Amino acid sequence: MNTEKISKKIILSGIQASGDLTIGHYAGAMKNWVQLQDDYECYFMVADMHAITTRQVPADLRRRSVDVVAMYAACGINTDQSTLFIQSHVPEHAQLAWVLNCFTGFGEAQRMTQFKDKSQQHSENVNVGLFSYPVLMAADILLYQADLVPVGEDQKQHIELTRNLAERFNHLYSPTFAVPDPFIPKEGARIMSLQEPRKKMSKSDPNQNSCIFLHDADAVIKNKIKRAVTDSGTDIIYDTEQRPGISNLMSLYHVATGKSMQEISDEFNGRGYAPFKEAVAEAVAELISPIRNRFEEIRSNPDELSALLKSGADKARRQAFKTLRKVYKKVGFVEPS
Ligand code: ATP
Ligand code: LTN
């Protein structure tokens, strides 16, 4: 009998603790994590170090970092199986990021569209951390030798940079890092603002009606969906160019029910917007209600959460240290005696 343990491929992903989580995060990230978690060895982190690239209120960041972990569990991440941790608990992230900074071209970092967008949004605080944000993200991924990184579509360019850095380092020295693939769902990868459907639904949007939060009460969810901006006409056909508003509602319905765009169109086209909005509101509330309840339950048990975070950080550090040690050796750092 072959008793050799077949090791699973590795996943790493994370979300910034810069605001409360929305259904966009669920669609672009957590939903897929839950689907993949049994087939991979998974590391899910809270990117608190990334969060301070924009100004944070310290008490809010502290609370939210734990909220995000509780939300991972509430969305169905199996905490006995996957490793959940907070990025700043594992100092190797900052250490590897420094080394990778020295292998990243200035022009390469300057081309990142998220950097361009965020430096416009936060023109009063365009800091060097924001510039090297994707390099820290590459460190997050490469430390764990991740094979797959499930993220929303907006992160594709960062994964591409991560792949380039891994290949560059492997080529300059010797194979050190796994070269990761992105995992981006085809439908629902980009949930748009309910008020401006050509813009991504973003937790930092000052208009609260544009976002459905994973802690929103049923009545709030239904109200926000009823008030969502739709397009002129009455067709319920998926077309993000011509009908961004209705296409976004179709994406939400897809996320909540699993139905394809074609099935949704067959079911609702020709019946007008009102019954469709009603159905979307019901389905989304039905999706979020159990998540919200589990979140409250998990959050009310702080001792269990901190034990989970401690064991998560311990496990993550063991893996991260192995990779960092190799990197330090290869670049020529003297091993401490
Ligand atoms: P911000 O909204 O504050 O600019 P963000 O929410 O986009 O930031 P993160 O919190 O780091 O940034 O996002 C975490 C993950 O959730 C990423 O994989 C991202 O692609 C995904 N995500 C976030 N918002 C959406 C959305 N509206 N649609 C699909 N995926 C999303
Ligand atoms: N930048 C990411 C969040 C993030 C991340 C990661 C995602 C930080 N580190 C590592 C995947 C893997 C974002 O989604 N905005």
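Numbering starts at 1 and runs along the sequence shown. Values reported hereafter were calculated over all heavy atoms of this structure, with side chains retained and with hydrogens, waters and symmetry mates removed. Note that the structure is a prediction, hence the values are computed from the model and not measured. First listed ligand is number 1; within each ligand, the first listed atom is number 1.
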Review point. Under 4.0 Å between a Lys/Arg side-chain N and an Asp/Glu carboxylate O for Glu267 and Lys259?
Key: yes
N or O pair under 3.5 Å between Glu153 and ligand 1 = no
_Main chain of Thr79, side chain of Ser82: is a donor-acceptor contact present, judged purely on distance under 3.5 Å?_
no
Which of Trp98, Phe321, Tyr144 passes ring-ring contact (aromatic ring centres under 6.0 Å, His included) with His93? Answer is Tyr144
In ligand 2, the atoms that come under 4.0 Å of a heavy atom of Ser13 are 11 (C), 12 (C)
- Does an N or O from Gly24, backbone or side chain, lie closer than 3.5 Å to an N or O of ligand 1? yes
Counting from 1 in the order shown, the ligand 1 atoms closer than 4.0 Å to a non-hydrogen atom of Lys118 are 1 (P), 4 (O), 8 (O)
Among non-hydrogen protein atoms, atom 7 (C) of ligand 2 lies closest to Gly14 O, 3.4 Å
Correct closest heavy-atom pair for Gly312 and Phe85 would be C-CB, 3.8 Å
protein heavy-atom neighbour closest to atom 10 (C) of ligand 2 works out as Leu12 CD2, 3.6 Å
The atoms of ligand 2 lying under 4.0 Å from a heavy atom of Val151, numbered in the order shown, are 7 (C), 11 (C)
Under 4.0 Å from one or more heavy atoms of Val151, ligand 1 contributes atoms 18 (O)
Near Val149 (heavy-atom distance under 4.0 Å), the atoms of ligand 2 are 11 (C), 12 (C)
Using distance alone, determine whether Gln114 and ligand 2 share an N or O pair under 3.5 Å. no
For ligand 1, find out whether one of its N or O atoms is nearer than 3.5 Å to an N or O atom of Gly14. no
Any ion pair linking Arg64 and Asp48 (charged N to carboxylate O, less than 4.0 Å)? no
Nearest non-hydrogen protein atom to atom 1 (N) of ligand 2, with distance, is Tyr133 OH, 2.5 Å
Item checked: Asp216 bridged to Lys224 by N-O distance under 4.0 Å -> yes
Handout entry: Whether Arg198 side chain and Glu241 backbone form a donor-acceptor pair below 3.5 Å
Key = yes
Worksheet entry | Arg63 atom CZ, neighbour heavy-atom count above 12 within 6.0 Å | yes
If we number the atoms of ligand 1 from 1 as shown, the ones under 4.0 Å from a heavy atom of Ser202 are 1 (P), 2 (O), 4 (O)
### salt_bridge(Asp205, Lys200) N-O dist < 4.0 Å
no
At under 4.0 Å between heavy atoms, what of Asp154 touches ligand 2? The answer is neither
Min over His25, Met45, Gln155 of heavy-atom distance to atom 15 (N) of ligand 2 lands on Gln155
For His50, the atoms of ligand 2 under 4.0 Å from one of its heavy atoms are 8 (C), 9 (N)
Examine Gln155 against ligand 1 and note whether any of their N/O atoms are separated by less than 3.5 Å. no
If you apply the rule salt bridge (charged side-chain N to carboxylate O under 4.0 Å, His left out), what do you find for Glu282 with Lys222, and how did you get there? CA-CA 7 Å; Glu282 278 303 323; Lys222 291 181 184 173; 3.2 Å; yes
If you scan protein heavy atoms around atom 9 (N) of ligand 2, the nearest is Asp140 OD2, 2.6 Å
Practice problem: Please confirm whether Met201 comes within less than 3.5 Å of ligand 1 when only nitrogen or oxygen atoms on both sides are compared. | Solution: yes
The atoms of ligand 2 lying under 4.0 Å from a heavy atom of Ile141, numbered in the order shown, are 10 (C), 12 (C)
Exercise for the section: For ligand 1, find out whether one of its N or O atoms is nearer than 3.5 Å to an N or O atom of Ile191. Expected result: yes
Is a salt bridge present between Glu41 and Lys9, judged by a nitrogen-to-oxygen distance below 4.0 Å? no
Open item on the list: Given the ring of Phe268, does Lys277 sit roughly above its face, with NZ or CZ under 6.0 Å from the centre of the six-membered ring and within 45° of the axis?
Closed with: no
The ring-ring contact (aromatic ring centres under 6.0 Å, His included) partner of Trp33 among Tyr40, Phe183, Tyr26, Tyr72 is Tyr72
Closest heavy-atom approach to atom 6 (O) of ligand 1 among His25, Lys199, Gln16 is made by His25
